[in-house]
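This report concerns only the one structure given below.
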Amino acid sequence: MANQKKQTFTGFVKVRGARENNLKNIDLEIPRDALVVFTGVSGSGKSSLAFGTLYAEAQRRYLESVSPYARRLFNQMAIPEVDEIEGLPPAIALQQQRGSGTTRSSVGSVTTLSNLMRMLYSRAGDYPDGQSIIYAEAFSSNTPEGACPECHGLGRVYEVTEQSMVPDDSLTIRERAIAAWPTAWLGQNFRDILTTLGYDVDIPWRDLPQKQRDWILFTEEKPVVPVYAGFNPAQVKEALQNKLEPSYMGTFTGAKKYVLHTFANTQSQLMKKRVSKYMLSGECPLCHGKRLRQESLAVKFAGLDIAALSRVTLSRLNEIFRPYTEEKATPLTKAEKAHPEKAMVTQRIAQDLVARIGVMLDLGLGYLNLERSTPTLSPGELQRLRLATQVRSNLFGVVYVLDEPSAGLHPADTEALLRALDRLKDSGNSLFVVEHEVDVIHHADWIVDVGPDAGEKGGHVLYSGPPEGLSKIENSVTRNYIFGMQPVTPKKTRIPKAWLRLENVTRNNLNNLAVSFPLGVFTSVTGISGSGKSSLVSQALVELVAGQLGQEAELLTASAEEAETLELDKVLTKDGKITEGMDAIKRLVRVDQKPIGRTPRSNLATYTGLFDQVRKLFAATEMAKSRRYDAGRFSFNVVKGRCPHCEGEGFVMVELLFLPSVYAPCPTCKGTRYNHKTLEIKYKEKNIADVLGMTVDAACEFFNAEPQVFRALDVVRQVGLGYLRLGQPATELSGGEAQRIKLATELQRIQHGNTLYILDEPTTGLHPADVEKLMAQLDKLVAQGNTVVVVEHDMHVIAASDWVIDIGPEAGEKGGMVVASGPPALVAKSKNSRTAPYLNKFFN
Ligand code: ADP
Ligand code: ADP
Ligand code: ZN
Ligand code: ZN
């Protein structure tokens, strides 16, 4: 145990009557200035306690002290359901936010390293003779002083051509030859204007004279003309002659102008994405993608301009700056002779940079560079970056609330994480960490175990105290995993039925890689953080297979919003092909932890499709038949059946002046979502709202005579989600819960085998007990003849795989190769693999 000596704590945070989400009115005392780890199965209530109660309350108190105006700027959490909390310091949450962060934020900006670099270039850079000093802002492409005038700081220029806007010139204008035009009303408006102007919109585009085509696409004029909506060309001609009153006056915009204007100005990422399809883009000829003005790029440090320096890895950056940190360093003494004040600035900034970068290197992030945009980082990487920034912030007396900081970390990287946490603690801060990783739990000064089970069956504090004490708590599931090794049940490794061979894979740090994935078995892809696992599996493999199947990979991988954020930074697989094995794959499915829906209108019952069956049952009752209610009547998305007041939402938004709006149950339907008439229909004494309020477990009983509904429910129960309510909004589900719902939906499909399932770190957020459940489900998929490939760090999962592909040996440029490949017992003996020593513990 990490803390054998009896620790004395400086003070305690005392919680009384916490009832957030599933918490059962709990009282709790936890030490300050200590590492407190919250454990428990997923859905037990750890986050509700750490984030929903402790952090939310700290934030609420802080916000009370700021002006109402400032309050609105915060993404305020709900006011927690708790009677009282004493002794709570101000809190900073380092939560993992999936798919968040704007495109314009980068490693350099979130860590504030970019600011330091700009200062360095401004004050201590090497200027060409005769150029006077420029301000730090001029080294940022986000400012008018810094942005390249040609590309406005984008680094790329966008152009449109006839070919890009009119992909199929055999179509007529009416048939949407100008694909780049807006759809719907605005597109029709442009067409009507052309009709008024006398253009023939009914002959193939290519048959129009070039002059006409050029005008339509490239004119800068914006003529305003009468529009006769719904008239055919002959009628329009007549109407014009007779000076008939037009439907309205329409303004024309050339297609090029429309596309470029929309791209530059729209607030909607969706629109931006749509029009970008009709543009050709290329590197800016002036700045060559460096985004900055020539004057700024002329300033050098260590022979590099600031854009070049932002592209080297943090490890390299560290090597570049280190020589400037020491008193008698050669580069410094040289500089000192010429400009003593410059040398001093250089040393000061270099010291700060090296110290900050050092923490990032320690956290295994040395392979990143400053330019990397945050949406392309994994949630774990982003959290560790922010953690590293905090370690250097010199704050004390603060509580840091963290959410599974070990996510995405290879065991080899976890030790560094623990060092960073210790540093925060040693500077006089408290750490509240929600975590499943056994090594982190072992490092705790204090454990709060929440349980015993998930949802309604959880929400109790089973134990709160120093780690050793947990061993005596009988109903704790966690205890089994922390004390007493869970033996790995040796299982027979399955034999691959075929191989999927990828060759010449070139992407991110993968360079001309050849790799074979076994089919019909369970494969774990391993390697330290940054070694290239995701590049290989979640990117190259997905894209190549999706391409062959004619599936659009993007649609499978990211929500619309995320796909768009990534658009500008999209790195496509530069090269790679599948040379073998595609005949054995008919379908590709990614099962991730992204929400199953972003509105409270989607829920477990709708997502799995079981609600369709339930609605049919209601429609088949005598009363429904006599009233001619069909299944649609029982959907809260359909007008006829739902509550008119809240339109089926079940709650209404109450606007509060100066405070974020709150939601309250709808006063008309009392939160049931349906209108009175619909609720009169009963199936086995229950109305449709009652059914949505049932837990899956209860519904299994209730529908046991209905094989179809029962089967769907039973799968959900088997993945360990029996505690969820059928109508529980998608927005309330955790990532792990969403993931298991997706799996359950897959499991109830009629399986023909031949599906390739890809999962990127599926165990994130899962308690070891839940990992076992997940594995059982994945095993079923394999047993049905499918292939499962996971990117994984959990050694239990890796050891229980049929095949392991270890990527490395190190991160970034020093990784990207297959270090070892084979059954786990074999990979465990590999000499070069960083994974082998950890895996080997399972095979003795
Ligand atoms: P853990 O962090 O242990 O995985 P959570 O605290 O996230 O558990 O969730 C505890 C329970 O509360 C779960 O049943 C979950 O579905 C439910 N829950 C989580 N968030 C909400 C919410 N915003 N509204 C209602 N229920 C929620
Ligand atoms: P892992 O999944 O093993 O942690 P990744 O495949 O995410 O590793 O990263 C491998 C290398 O590729 C790293 O050097 C990383 O910085 C780089 N990389 C990953 N994704 C991107 C991206 N979208 N843009 C630029 N570089 C990337
Ligand atoms: Zn430019
Ligand atoms: Zn209502």
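Ligands are counted one by one from 1 in listed order, and the atoms in each one are counted from 1 as well. What you see below is based on every heavy atom in this structure, not just the backbone, and it leaves out hydrogens, waters and symmetry mates.
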Numbered atoms of ligand 1 (with element) below 4.0 Å of [X], judged on heavy atoms:
X	result
Gly455	14 (O)
Gly45	1 (P), 3 (O), 5 (P), 6 (O), 8 (O), 10 (C)
Ser48	5 (P), 6 (O), 9 (O), 10 (C)
Lys46	1 (P), 2 (O), 3 (O), 4 (O), 6 (O), 8 (O)
Ser44	1 (P), 3 (O), 8 (O)
Ser47	1 (P), 2 (O), 6 (O), 7 (O)

Distance in Å, [X] [atom1] paired with [Y] [atom2], rounded so as to fall on 0.5 Å steps:
X	Y	atom1	atom2	value
Ser602	Tyr607	OG	OH	9.5 Å
Lys290	Ser310	NZ	OG	10.0 Å
Leu54	Leu28	CG	CG	7.5 Å
Leu370	Arg372	CG	CZ	12.0 Å
Ser524	Glu792	OG	CD	6.5 Å

So for [X], does at least one of its heavy atoms come nearer than 4.0 angstrom to any atom of ligand 1?
X	value
Tyr723	yes
Leu733	no
Gly40	no
Glu20	no
Gly43	yes

Distance only, no hydrogens: is a donor on one side chain within 3.5 Å (strictly under) of an acceptor on the other, for [X] and [Y]?
X	Y	result
Asn318	Ser315	no
Thr526	Asp806	yes
Glu737	Tyr723	yes

Any idea which atoms of ligand 2 are less than 4.0 Å away from a heavy-atom of [X]?
X	answer
Ile528	3 (O)
Asn509	10 (C), 11 (C), 12 (O)
Gly812	14 (O)
Ser529	4 (O)
Ser531	1 (P), 3 (O), 8 (O)

Does any N or O atom in [X] lie less than 3.5 angstrom from one in ligand 2, N or O only?
X	value
Glu381	no
Leu368	no
Gly530	yes

Please list the nearest protein heavy atom to [atom] with its residue and the distance rounded to 0.1 Å.
atom	result
atom 17 (C) of ligand 1	Gln728 NE2, 4.1 Å
atom 23 (N) of ligand 1	Glu732 CG, 3.8 Å
atom 15 (C) of ligand 1	Glu737 OE2, 4.1 Å

request  = Taking all non-hydrogen atoms of both residues into account, name the closest pair between Thr764 and Ala407 and its distance.
outcome  =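 Smallest interatomic distance, heavy atoms only, reads CG2-CB, 3.8 Å.
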Centroid separation His436 to Tyr481 less than 6.0 Å = no
message = Is it the case that over 12 heavy atoms from other parts of the model lie below 6.0 angstrom from the CD atom of Glu813?
response = no
inquiry  = Tell me if the CD atom of Glu415 is crowded by more than 12 foreign heavy atoms within 6.0 Å.
reply    =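 Count not over threshold, so no.
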message = Taking a cutoff of less than 4.0 Å between a non-hydrogen atom of the residue and any ligand atom, is Gly527 in contact with ligand 2?
response =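 Contact absent.
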ask   = Has Ile807 got any heavy atom lying under 4.0 angstrom from an atom of ligand 2?
value =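 In this structure, Ile807 fails to qualify as a contact of ligand 2 - no heavy atom is under 4.0 Å.
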task = Mark yes or no for whether Asn509, through its side chain, and Ser531, through its backbone, hold a donor-acceptor pair below 3.5 Å.
result = yes
inquiry  = Test your reading of the model: is there a side-chain donor-acceptor pair from Asn508 to the backbone of Leu510, 3.5 Å cut-off?
reply    =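 Checked: no pair found.
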Between [X] and [Y], is there a side-chain N and carboxylate O pair less than 4.0 Å apart?
X	Y	answer
Arg384	Glu381	no
Lys46	Asp449	no
Glu647	Arg673	no
Asp770	Arg740	yes
Glu810	Arg834	yes

ask   = Which part of Glu456 is near ligand 1, with near meaning a heavy atom under 4.0 Å away: side chain, backbone, both or neither?
value = neither
ask   = ligand 1 versus Val41, non-hydrogen atoms closer than 4.0 Å: side chain, backbone, both, neither?
value =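 For Val41, the contact with ligand 1 is made by the backbone alone.
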request  = Identify the residue among Ile807, Ile805, Asp760 that makes a side chain to side chain contact (heavy atoms under 4.5 Å, CB included) with Val791.
outcome  =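 Only one option passes, and that is Asp760.
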task = Specify side chain, backbone, both or neither for Arg372, according to which of its non-hydrogen atoms lie closer than 4.0 Å to ligand 2.
result =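 Contact part for Arg372 vs ligand 2: side chain (C-beta onward).
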key: Asn21, Asn22, Leu766: member with heavy atom nearest to atom 18 (N) of ligand 1   = Asn21
key: Protein N/O/S neighbour count - the Zn ion (ligand 4), strictly under 2.8 Å   =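 For the Zn ion (ligand 4), the figure is 4.
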